[in-house]
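What follows is a single structure, written as structure tokens, with notes after it.
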Amino acid sequence: MTKKPFRISTRVGRLTGDRRVIGLLLLVAILVGGRGWLAENPQHSPWAPLDLNDPPGMATATKLAALRDDIPECRAVLERSEIAHSVLDAQGEGECARPDRTRLDEFPLTPNPPPTTCGVAIALELWRRNAIEPLAEEIFDSEIERIEHLGAFSCRRLYGRGEGDWSEHATGNAVDIAGFVLADGTRISVLGDWDDEGEDGGDKGAFLRRVRDGACDSFATVLSPDYNAAHADHFHLDMSPRWSGLCR
């Protein structure tokens with residue numbers, strides 16, 4: 001009786017090769033599809049230039065962090081996003097040197113928008129678009145008319161102490177927000193309304209807490225009355241490179 005040739009190993013080898021080819025084709029298809037999806041959703045792509053007109057995405061926080069030490073690219077983002085702004089001359093020296101003085105020309109800060117670092121300017125714009133305005137519409141069915149601030153630049157150490165670390169305000173890398181004014185004239189004050197439990201069900205207090213939380217998506221540091229008594233009347237917002245995700 002003639003024995004048939006043993007062919008199993010050959011077939012297995014071919015099957016393994018086929019699987020590898022199929023796997024490579026699937027990988028190529030996934031990469032091509034993923035590249036196309038990222039092109040259509042640049043907010044999720046770490047390689048796409050940041051544009052503030054895109055919705056927030058998975059790569060937005062990383063791109064914002066990278067702007068802290070890249071002033072030219074930060075200003076390019078403002079240009080690309082068509083945000084009206086002015087680049088002012090550098091001022092100061094030593095610990096209070098301000099090589100980056102950027103002012104948002106049409107931002108509803110009152111008194112007039114102060115010069116800040118470019119990173120703070122971009123974070124303010126994102127906060128307004130993604131948190132302040134939507135929440136004003138949701139909670140009060142109104143637009144925001146003004147955002148009240150207590151200043152940005154102050155050549156001082158933390159809490160005005162005579163020694164220790166310098167405040168982010170010393171370089172204009174921070175801004176303090178005291179309240180908000182709606183289109184109908186209603187004022188929402190951090191000092192007066194943080195613990196709001198009024199007849200409206202505490203809408204003012206709810207608004208302040210939610211816009212505080214929304215600021216944490218744009219700024220490196222967000223401090224509110226929940227942090228300590230020194231912040232009872234304002235939100236401290238900065239783009240410090242020393243912190244990441246401090247939100248209280």
Side-chain angles (χ1 to χ4, degrees), residues 43-44 46 49-52 54-78 80-81 83 85 92 95-104 107 109 113-132 135 147 149-161 164-178 190 208-228 230-248:
Q43 69 272 23
H44 300 307
L50 178 62
D51 189 325
L52 304 187
D54 294 330
M58 293 183 291
T60 302
T62 301
K63 293 176 185 179
L64 287 173
L67 297 179
R68 298 180 202 174
D69 300 317
D70 193 340
I71 297 174
E73 176 56 26
C74 186
R75 291 173 177 168
V77 171
L78 289 173
R80 184 182 306 123
S81 307
I83 304 300
H85 67 285
E95 298 293 345
C96 296
R98 290 183 289 158
D100 177 11
R101 297 176 67 235
T102 303
R103 184 181 63 211
L104 294 172
F107 198 86
L109 279 177
T116 65
T117 59
C118 181
V120 168
I122 284 181
L124 278 169
E125 180 64 22
L126 286 174
W127 186 38
R128 178 183 67 82
R129 293 183 181 198
N130 299 327
I132 298 173
L135 286 169
I147 300 172
H149 74 90
L150 300 179
F153 169 70
S154 177
C155 183
R156 61 175 174 80
R157 298 178 189 271
L158 289 174
Y159 300 105
R161 296 168 181 159
D165 292 337
W166 286 83
S167 169
E168 292 300 318
H169 286 287
T171 55
N173 197 33
V175 63
D176 291 338
I177 302 299
V190 175
L208 288 171
R209 281 173 167 75
R210 291 179 66 182
V211 294
R212 185 272 311 270
D213 294 345
C216 300
D217 294 329
S218 301
F219 291 92
T221 308
V222 177
L223 304 179
S224 73
D226 281 348
Y227 184 65
N228 61 16
H231 296 85
D233 64 347
H234 69 277
F235 297 151
H236 168 91
L237 313 171
D238 73 44
M239 291 300 283
S240 167
R242 296 193 302 269
W243 299 98
S244 179
L246 180 59
C247 178
R248 288 186 60 189

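We're numbering straight along the sequence, starting at 1.
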Could you name each residue pair satisfying salt bridge (charged side-chain N to carboxylate O under 4.0 Å, His left out) that touches residues 217-228, not counting sequence neighbours? Arg212-Asp226
CD1 of Ile122 to OG of Ser81, rounded to nearest 0.5 Å, is 7.0 Å
Kindly write out the residues that satisfy salt bridge (charged side-chain N to carboxylate O under 4.0 Å, His left out) with Arg157, not counting sequence neighbours, or none if the list is empty. none
Classify the ring geometry of His231 against His234: parallel below 30°, tilted from 30° to 60°, perpendicular beyond 60°. tilted
Sorted by chain and number, sequence neighbours left out, side chain to side chain donor-acceptor pair (under 3.5 Å) with Thr171 holds for none
Residue list, salt bridge (charged side-chain N to carboxylate O under 4.0 Å, His left out) with Arg248, at least two apart or on another chain: none
Quick check: do Tyr159 and Asn228 have side-chain heavy atoms less than 4.5 Å from each other? yes
Test side chain to side chain contact (heavy atoms under 4.5 Å, CB included) on Asp176 and Asp233; report intermediate values, then the result. CA-CA 9 Å; Asp176 291 338; Asp233 64 347; over 6 Å; no
For Arg129, what residues pass the salt bridge (charged side-chain N to carboxylate O under 4.0 Å, His left out) criterion, not counting sequence neighbours? Glu125
Could you walk me through whether Leu124 and Ile147 satisfy the side chain to side chain contact (heavy atoms under 4.5 Å, CB included) test, starting with their C-alpha distance in whole Å, then the side-chain angles of each, then the deciding distance to 0.1 Å, before giving a yes or no? CA-CA 11 Å; Leu124 278 169; Ile147 300 172; over 6 Å; no
Do Val211 and Trp127 touch side chain to side chain, with heavy atoms closer than 4.5 Å? yes
So does Gly57 get a backbone contact from the side chain of Thr60, meaning a donor-acceptor N/O pair under 3.5 Å? yes
When rounded to the nearest 0.5 angstrom, what is the spacing between SG in Cys74 and CZ in Arg68? 11.5 Å
Are the side chains of Cys118 and Leu78 in contact, using a 4.5 Å heavy-atom criterion? yes
Those residues at least two apart in sequence (or on a different chain) that pass side chain to side chain donor-acceptor pair (under 3.5 Å) with Ser167 are none
Return the set of residues passing side-chain contact (heavy atoms from CB on, under 4.5 Å) with Ala174 (not counting sequence neighbours), or none when no residue passes. Glu168, His169, His236, Asp238
Would you say that Leu208 contacts Phe235 through its side chain, given a criterion of any heavy-atom pair below 4.5 Å between the two side chains? yes
With Phe219, which residues qualify under ring pair (Phe, Tyr, Trp, His ring centres under 6.0 Å), at least two apart? none
Might you work through the side chain to side chain contact (heavy atoms under 4.5 Å, CB included) test for Leu104 and Leu109, ending with a clear yes or no? CA-CA 9 Å; Leu104 294 172; Leu109 279 177; over 6 Å; no
Minimal heavy-atom distance between Ala220 and Ser240, with the atoms involved, is CB-O, 3.5 Å
Can you find a heavy atom in the side chain of Pro46 that is under 4.5 Å from one in the side chain of Thr62? no
Rounded distance (nearest 0.5 Å) linking atom CZ of Arg75 with atom CD1 of Ile83: 15.5 Å
SG (Cys96) and CZ (Phe153) are apart, to the nearest 0.5 Å, by 5.0 Å
Rounded to the nearest 0.5 Å, what separates atom CG in Leu237 from atom CG in Leu223? 8.5 Å
Which heavy-atom pair separates Ala170 from Arg156 by the least distance, and what is that distance? CB-O, 3.8 Å
Sequence neighbours excluded, the answer for ring pair (Phe, Tyr, Trp, His ring centres under 6.0 Å) partners of His85 is none
Per the side-chain hydrogen bond (donor to acceptor under 3.5 Å, both in side chains) rule, which among Asn173, Thr102, Asp100 passes with Thr117? Asn173
Return the set of residues passing side-chain contact (heavy atoms from CB on, under 4.5 Å) with Glu73 (not counting sequence neighbours), or none when no residue passes. Leu67, Asp70, Ala76, Val77, Arg80
Show the nearest heavy-atom pair for residues Ala152 and Pro115, with the distance to one decimal. CB-O, 3.8 Å
Nearest-0.5 Å distance, OG1 of residue Thr116 to CE of residue Met239: 10.5 Å
With sequence neighbours excluded, residues passing salt bridge (charged side-chain N to carboxylate O under 4.0 Å, His left out) with Arg98: none
Please enumerate all residues that pass side-chain contact (heavy atoms from CB on, under 4.5 Å) together with Asp165, with sequence neighbours excluded. Leu158
Is any side-chain heavy atom of Val190 closer than 4.5 Å to one of Ser224? no
